[in-house]
Amino acid sequence: MSTSFWVNGIRQTVDVDPSKPLLWVLREELALTGTKFGCGIAQCGACTVQVNGQAVRSCVTPISSIEGSQVATIEGLGSDSGDLHPLQQAWIQHQVPQCGYCQSGQLMSASALLDSNPSPTDAEIDAAMQGNICRCGMYGRIRKAIKSVDVAASSEDKLFYNVAGVDHG
Amino acid sequence: MGKWTRRAFITTGLVAGGGVVVGISMRPGNQVKELAGKVGDEGGQLIHSYVKIDSENVITAIIPHSEMGQGVQTSLGQMLAEELDADWDRLRMEEAPAIGEYSTYSAGRGYLLAGIDFPEILIPTVDGAMMRVADSLNMQITGGSMSIRTTGAMAMRIAGAATREMLQQAAAKSWGVPVNEIVTEDSHLFHAATSRREPYASFASTIAEMTPSQTPSFKDPSEYKIVGTHKPRRDIPAKVDGSLKFALDVRLPGMLFASVVRSPVSGGSIVNVNDSAARAIEGVVDVIVIPESSVDSLLGATISGEAVAVVADSYWTANRALQELSVQWSETGFESVSSDDIFAQFDRDISSRRDRQTDRLEGEADSVFSTAAKVIDADYHVPYLAHTCMEPLNATADVRNGRAEVWVGCQNPLGFRRDVANVLGLDEENVILHNHAMGGGFGRKSRPDYAIQAAQLAQAMGRPVQLIWSREEDVRQDFYRPAVQSRFRAAFDADNKLVAWENTYTNKNEPIEAPLIPYAVPAQDIGFVSSPTHVPFGAWRSVDHSQHGFFTESFIDEAANAAGKDSFEFRADLLNDSPRHLVVLTKAAEEAEWSKPLPAGRGRGISLQESFGSIVAQVVEVSIINGEVFVNRVVAAIDPGLAVAPDGIAAQVESGIIYGLSAALHGEITIENGAVAQSNFDDYQTLRMNEAPVIETHVINSGHDIGGAGEPGTPGIAPALANAVFDATGIRVRQLPLKNFDLDFQVKETGVAG
Ligand code: FES
Ligand code: FES
């Protein structure tokens with residue numbers, strides 16, 4: 001059965017089992033491998049994309065359910081002219097990624113959050129981001145990076161470490 | 001260990017493809033021909049080493065370590081660039097290929113002989129022996145927090161400094177000026193009096209003819225401009241736009257996908273497979289039985305039991321069809337074993353002192369205990385843990401015409417290549433291994449079972465296959481952090497001084513010093529019993545330090561409490577002979593405002609653990625709300641000797657703390673009917689954003705030997721947390737994870753320590 005939808009503004013039509021999840025259509029049919037597999041049961045968030053602006057777990061989203069929808073993936077997060085999204089810039093500035101594997105999903109969740117709520121509180125960030133596991137544990141940096149994109153809060157930007165030279169012979 | 005650096009072999013440079021290649025080799029001899037075409041993807045230059053200078057004055061550092069999130073390419077590049085006075089912006093890094101020239105000889109030596117100092121006269125012998133050992137073991141290991149300490153300290157610095165010296169000599173000769181008047185900066189040579197300035201590339205061909213010094217002079221750390229400064233990681237931009245290709249992202253023409261299952265009880269083989277339902281699913285290409293394989297390495301034997309895989313045109317199809325298989329597994333004799341049985345066995349074996357051996361025996365512990373004014377005792381235990389790297393295990397292989405190519409993310413590319421070759425019956429030379437950045441490693445990706453399975457499947461299919469383990473398979477077929485029980489006794493004299501420490505635990509692994517305490521206790525008897533189980537185990541971030549850090553740093557807290565002393569003061573009083581430890585402990589306590597009172601329902605705990613050459617102290621603050629623990633804040637102090645990449649260290653400490661906290665709060669693999677009961681992130685919970693505390697890291701540059709960063713953050717979090725829970729509630733946590741506790745804590749009226 002064929003299904004048509006838009007991915008990052010480009011119309012796509014695929015002819016696959018209607019229950020095949022969007023994650024595997026992106027990765028296997030459309031060669032968009034930026035969206036990752038982590039659990040397959042909507043527990044880890046590695047597969048997060050946006051469908052019509054909402055963050056969804058693509059591993060449990062049957063392709064048939066997105067007929068006619070607008071899908072945004074990490075590959076489309078920057079602008080058409082190649083500029084990084086402010087969140088991507090913040091991710092670099094705060095040196096967020098370690099292994100990086102969870103980060104496509106983190107960024108897609110974070111950008112959906114900021115689209116609907118430009119100045120989230122810590123509690124709102126927790127609520128929007130707790131579906132995204134980072135086994136490298138970069139939660140503190142993710143939170144700071146999200147808040148730094150909020151213009152009002154960005155002045156509190158600072159380094160995350162403090163180096164002291166200690167001399168004890 | 002510093003003197004080892006002078007013993008590294010330095011090869012002559014060579015000119016190739018318009019550039020020059022200089023550097024140190026891990027072994028003498030010229031491997032140029034063999035290396036042709038395997039190194040230096042851009043410009044195609046031959047490389048026999050770690051350094052390449054091309055005609056555009058771009059310098060390339062070849063890094064023989066795998067990237068799994070630790071930023072190793074950037075930090076090792078910093079060490080090389082510093083001694084070379086290279087222009088950081090025109091330095092590029094490249095991961096070394098999986099070929100013999102890059103066996104981690106220096107890492108291997110550090111791994112096997114860490115901390116052992118040899119008389120100068122013996123060093124050449126040791127080098128020779130180690131070269132053979134590392135070579136024959138085919139090690140190219142990233143692990144043990146070793147990259148900076150071995151490759152960085154022993155290879156990158158020498159390569160950089162020796163190259164700089166040759167450049168200075170070449171320029172001095174060409175310009176007819178004294179060599180000591182030549183200044184190097186930003187990949188250029190200067191001579192002030194004659195106003196000369198030339199890029200390094202101008203002397204590339206000249207230094208290729210020279211013999212590099214084996215004992216170049218290094219900068220004084222006070223002159224560092226690149227090491228110790230914040231250099232944004234080079235790997236990060238490709239990690240924010242989805243462009244980085246993990247092994248899972250490999251796409252080959254005609255590639256099939258596979259999902260696999262092994263016996264739920266480790267060691268079972270296949271009696272019967274009914275695959276008719278699976279084969280009926282559209283898109284399924286084949287169902288393959290993968291034979292058992294066994295390979296051996298320094299890290300231990302890796303036995304991968306017989307398995308069944310479904311091969312299909314899509315992973316989703318393959319994994320769906322896998323669920324339709326009905327497989328009968330053979331009896332192993334372990335079908336009735338549970339976690340309770342295992343802990344009961346540990347308890348018996350500790351009580352009977354089964355084959356007990358000692359790690360440390362000092363003073364007359366027995367007699368001190370019999371005459372002590374007070375004795376306390378306690379039993380601790382921790383469960384098995386899985387690694388759950390964010391990227392599930394996967395590998396892609398193409399095996400045809402007596403040759404194999406494997407695409408994988410792993411912690412030991414050279415070892416994996418050898419293991420794949422052995423299992424397939426191919427010569428190593430006919431196996432090409434492409435190592436990818438890993439979506440987490442944590443020790444799991446030092447075991448080659450997943451890559452071997454992919455190669456076996458590709459061989460059977462005669463076309464490329466990408467094998468992806470489901471998360472369920474990843475959780476159930478791990479080499480787990482071992483479950484351990486640890487029993488303690490402590491004796492005090494009439495002045496409440498800690499005078500004896502006795503500890504017996506189950507099953508010793510690496511590193512050997514993990515159960516040792518830094519405290520000056522006059523009588524110590526620390527040892528272990530043997531209590532084997534059928535559950536496969538392996539290295540898990542910080543290895544044995546993660547269990548023993550929890551045990552010893554909790555029990556020392558019990559001792560402080562029994563002595564009626566403050567947890568910080570009690571430790572500090574026992575650290576008179578360990579000034580580095582005392583500085584770190586004090587720094588963490590000060591930054592965390594240790595003595596400031598907390599309101600009821602809150603508590604603070606402290607810990608101190610040295611591991612992998614770095615000393616870490618942590619102070620954890622918790623709140624107990626409605627019987628639940630919330631971790632509010634962690635203050636960590638680390639002395640890594642010298643912070644090469646300070647933000648990188650801070651990030652690794654944060655990461656190590658979250659990894660350990662996740663385990664302390666939630667992590668538990670249980671054995672039921674001989675098999676692992678958990679399967680995915682729903683029943684093997686991991687820490688999430690809403691539970692993540694604020695972490696502050698304070699880095700102390702003590703000037704001592706460089707220590708590791710990837711693991712030392714992990715061991716101290718569980719005990720600091722447990723000690724904080726005790727401070728808040730009076731409840732002593734002697735087993736993890738905390739989720740199993742009756743969390744209806746009795747909150748103390750005053751949360752103040754002591
Ligand atoms: S892969 Fe979809 S939530 Fe984990
Ligand atoms: S950066 Fe590795 S899992 Fe998040």
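Below, read A as the first sequence line, B as the second, and so on, with proteins coming before strands; counting in each chain starts at 1.
Interface remark: of the candidates B:G656, B:S655, B:P693, B:S655 forms the most heavy-atom pairs closer than 4.5 Å to chain A. When A:P21, A:C59, A:A123, A:A31 are compared by the number of non-hydrogen pairs under 4.5 Å with chain B, A:P21 comes out ahead. Comparing B:I468, B:L244, B:T388, B:I638 by heavy-atom pairs within less than 4.5 Å of chain A, the highest count is held by B:T388. Interface summary for chain A: among B:A692, B:G439, B:A651, the most heavy-atom pairs under 4.5 angstrom belong to B:A651. In terms of heavy-atom pairs under 4.5 Å with chain B, the best-connected choice from A:W24, A:Y101, A:W91 is A:Y101.
B:E282 is not listed as a side-chain neighbour of A:D17, based on a closest heavy-atom distance of 4.5 Å or more. Between A:R135 and B:S662, some side-chain heavy-atom pair lies under the 4.5 Å cut-off. Residues A:I92 and B:P232 have side chains not in contact (no heavy-atom distance under 4.5 Å, counting atoms from C-beta outward). Between B:N394 and A:F37, the closest side-chain pair of non-hydrogen atoms is not below 4.5 Å. With a 4.5 Å cut-off on side-chain heavy atoms, B:R471 and A:Q43 do not count as touching. For the pair B:D249/A:K36, a side-chain contact is recorded, criterion being any heavy-atom separation below 4.5 Å from C-beta on. When side chains are defined from C-beta on, A:C99 does not count as touching B:M438, because their heavy atoms never get closer than 4.5 Å.
The minimum heavy-atom distance linking B:P392 with A:G38 is given by the pair CG-O, 4.0 Å. Closest of all the heavy-atom pairs between B:D241 and A:I74 is C-CG1, 3.6 Å. Closest heavy-atom contact between A:R27 and B:L248: NH2-O, 2.7 Å. Nearest heavy-atom pair across A:T33 and B:R251 is CG2-NH2, 3.8 Å. The heavy-atom pair separating B:G242 from A:S104 by the smallest distance is CA-OG, 4.1 Å.
From B:I236, atom CD1 reaches atom CD of A:Q93 across 11.5 Å, with rounding to the nearest 0.5 Å. Atom OG1 in B:T686 sits 5.5 Å away from atom CD1 in A:I133 (nearest 0.5 Å). Considering NE2 of A:H94 and CG of B:D647, their distance stands at 10.5 Å, rounded to 0.5 Å. How far CE of B:M390 is from SG of A:C136: 9.0 Å, rounded to the nearest 0.5 Å. In this structure, OG in A:S19 is found 3.5 Å from CH2 in B:W316, a value given to the nearest 0.5 Å.
At a cut-off of 3.5 Å, with distance as the only test, a side-chain donor of B:Q652 or A:Q98 sits close to an acceptor on the other residue.
Between the side chain of B:R688 and the backbone N or O of A:Y139, no donor-acceptor pair lies under 3.5 Å. Formation of a donor-acceptor pair under 3.5 Å by the A:Q88 side chain with backbone atoms of B:V240 is found in this model.
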* Can you check side-chain contact (heavy atoms from CB on, under 4.5 Å) on A:I125 and B:M689, steps first, answer last? -> CA-CA 8 Å; A:I125 292 175; B:M689 171 77 95; 4.1 Å; yes
side-chain contact (heavy atoms from CB on, under 4.5 Å) evaluation trace for B:S314 with A:K20:
CA-CA 10 Å; B:S314 157; A:K20 183 165 182 170; 3.3 Å; yes
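Using a 4.5 Å cut-off between heavy atoms, A:M129 contacts chain B through both its backbone and its side chain.
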